[in-house]
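Side chains included, hydrogens not; waters and symmetry mates left out as well; all remaining heavy atoms used.
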Number of protein chains: 2
Amino acid sequence: MQSDDAIPDVVIKRLTIYARALYQLHASGAATVSSSELAAATGSTAAQIRRDFSYFGGFGTQGKGYEVGRLLEEVKRILNLNEQWGMVLIGAGSLGGAVARYNRFAENGFVICRIYDRNPERIGNRLDGVTIEDVATLRETVSREQILIAILTVPASAAQWAANLAISAGVKAFLNYAPASILAPPDVRVHDIDPVAALQSLTYYLSPGRSDEVEPSSRTTA
Amino acid sequence: MQSDDAIPDVVIKRLTIYARALYQLHASGAATVSSSELAAATGSTAAQIRRDFSYFGGFGTQGKGYEVGRLLEEVKRILNLNEQWGMVLIGAGSLGGAVARYNRFAENGFVICRIYDRNPERIGNRLDGVTIEDVATLRETVSREQILIAILTVPASAAQWAANLAISAGVKAFLNYAPASILAPPDVRVHDIDPVAALQSLTYYLSPGRSDEVEPSSRTTA
DNA sequence: ACGTGTGAAGTCTTTCACAGCG
DNA sequence: CGCTGTGAAAGACTTCACACGT
């Protein structure tokens with residue numbers, strides 16, 4: 001009741017986008033950036049950016065803008081990006097394999113420490129340098145190592161089961177690649193990555209009837 | 001068209017989640033579903049679901065609920081899922097390879113027709129049965145074949161360039177795997193998939209220093 | 001009885017617009 | 001001056017709660 005200054009989720013999401021742009025600005029040697037410049041780089045608006053940073057007190061200088069290095073550090077601090085995060089990958093099929101080999105995780109401080117599967121043919125194999133273990137051993141190991149993040153790359157039919165197991169081991173955050181809704185208690189956060197769902201929401205905005213042998217009479221112009 | 005005012009984007013996004021649940025319900029033989037049952041299956045609320053469908057006129061029967069097959073068909077119609085959508089993949093590196101081999105696209109009516117790269121060493125190779133072509137030929141082919149959807153799997157530094165090229169060829173929707181913000185005109189829609197950004201917004205909610213740091217004061221809801 | 005569809009209310013988010021500071 | 005930070009207004013979305021059809 002005392003500090004109901006909860007930051008909206010959507011602000012946190014935008015912070016990650018600002019961080020991405022600030023990394024680039026920093027690398028390119030820019031010293032300062034204004035809210036309108038950052039807006040142009042991220043597809044946001046200047047007012048939005050100023051409001052977003054004002055939730056954390058504001059990091060700018062009037063008349064000048066924001067100091068790029070300082071702002072990036074502040075964002076990293078807010079998002080807890082100054083430490084390495086250990087993660088567990090559940091599901092070592094083709095999707096799990098592709099995710100395990102995605103270099104940007106480790107480059108950004110997210111390290112896959114453990115990989116689990118339930119298929120005996122996969123257990124014992126290595127994937128990107130990590131041995132695939134029996135998912136039956138997940139709870140004991142993950143809770144002992146206090147891993148808080150799990151990546152779900154299991155079939156949809158196993159997703160809730162795997163999530164429940166991870167939650168019972170203390171996992172508090174999921175990156176869910178399974179095409180299924182995960183039900184979890186409020187202190188556990190789930191971020192879904194479903195490329196097919198993403199495409200399906202894009203096609204809503206496209207008029208039907210293109211490609212194959214459609215006459216060139218119907219076009220979009222939306 | 002049918003609508004007098006625009007449907008919120010967030011409603012369209014939820015429609016894809018409802019579709020996922022309805023597919024499963026339909027496959028499991030369920031004849032009807034109530035808004036509260038669908039809410040339980042998708043992590044939404046009953047009122048939300050009724051409101052969402054009411055944007056399209058409402059598909060239910062009072063006292064009974066929704067007929068699963070009918071509702072699924074309505075959602076598919078709204079989202080334009082009754083046709084095959086051709087897509088172009090730009091960037092045939094390791095990420096592009098993984099995306100090209102992701103089976104769920106074709107299973108859901110999204111077919112990668114063309115694959116482009118700018119690297120001569122890759123051009124001519126095949127990826128999941130499709131020959132990698134020189135990106136210099138993209139504009140001519142994509143505009144002729146009226147492909148409206150592009151998947152971007154290029155490095156961040158090439159993302160805007162590739163997007164501009166695709167837009168000039170008539171592409172109206174992007175699934176953007178590059179960790180960069182794409183700037184596009186308002187009639188072009190971009191959906192970003194950035195797993196690192198997703199993790200970064202998850203770690204905001206995790207207290208840093210997981211092996212110690214048990215602050216008895218600050219608790220999230222349990 | 002039961003569960004939908006929807007005005008109305010409530011809550012959350014964005015945008016405006018400008019005071020104030022470097 | 002230019003640009004931030006922020007009250008206030010506007011707008012968007014969610015939830016409530018109940019009339020109504022089956």
Is there a side-chain contact between [X] and [Y] in this structure, where contact means two heavy atoms from C-beta onward sitting under 4.5 Å apart?
| X | Y | result |
| --- | --- | --- |
| A:V75 | A:F53 | yes |
| A:I149 | A:V171 | no |
| B:Y23 | B:L72 | yes |
| B:D5 | B:Y55 | no |
| A:I151 | A:F174 | no |
| A:Y18 | A:D52 | yes |
| B:C113 | B:V88 | no |

> For residues 51-60 of chain A, which residues have at least one heavy atom under 4.0 Å from DNA chain D?
Replying inline: A:R51, A:S54, A:G58, A:F59, A:G60
>> Near DNA chain D, counting only heavy atoms under 4.0 Å, which residues of residues 26-50 of chain B show up?
In response: B:T45, B:Q48, B:R50
> Using Watson-Crick and G-U wobble pairs whose two distances are both under 3.5 Å, how do you write the pairing of DNA chain D as dot-bracket, with | for links to another strand?
Replying inline: ||||||||||||||||||||||
> Taking 4.0 angstrom as the limit, do A:R70 and A:E74 come out as a salt bridge?
Replying inline: yes
> Can we say A:R189 and A:D9 salt-bridge, meaning some charged N sits less than 4.0 Å from an Asp/Glu carboxylate O?
Replying inline: yes
>> If you assign each of A:K64 and A:D9 to its closest nucleotide in DNA chain C, which residue comes earlier from the 5' end?
In response: A:D9
> If you pin A:P8 and A:G63 to their nearest nucleotides in DNA chain C, which one's is more 5'?
Replying inline: A:P8
>> Would you say CZ of A:R139 has more than 12 non-hydrogen atoms from neighbouring residues, nucleotides or ligands within 6.0 angstrom?
In response: no
>> Classify the ring geometry of B:F56 against B:F59: parallel below 30°, tilted from 30° to 60°, perpendicular beyond 60°.
In response: parallel
> Taking N and O atoms by type only, does the side chain of B:Q62 place a donor or acceptor under 3.5 Å from a partner on the base of D:dT22?
Replying inline: no
How long is the line joining [atom1] of [X] and [atom2] of [N], in whole Å?
| X | N | atom1 | atom2 | value |
| --- | --- | --- | --- | --- |
| B:E74 | C:dG5 | CD | P | 11 Å |
| B:L71 | C:dT4 | CG | P | 11 Å |
| B:I7 | D:dA12 | CD1 | P | 13 Å |

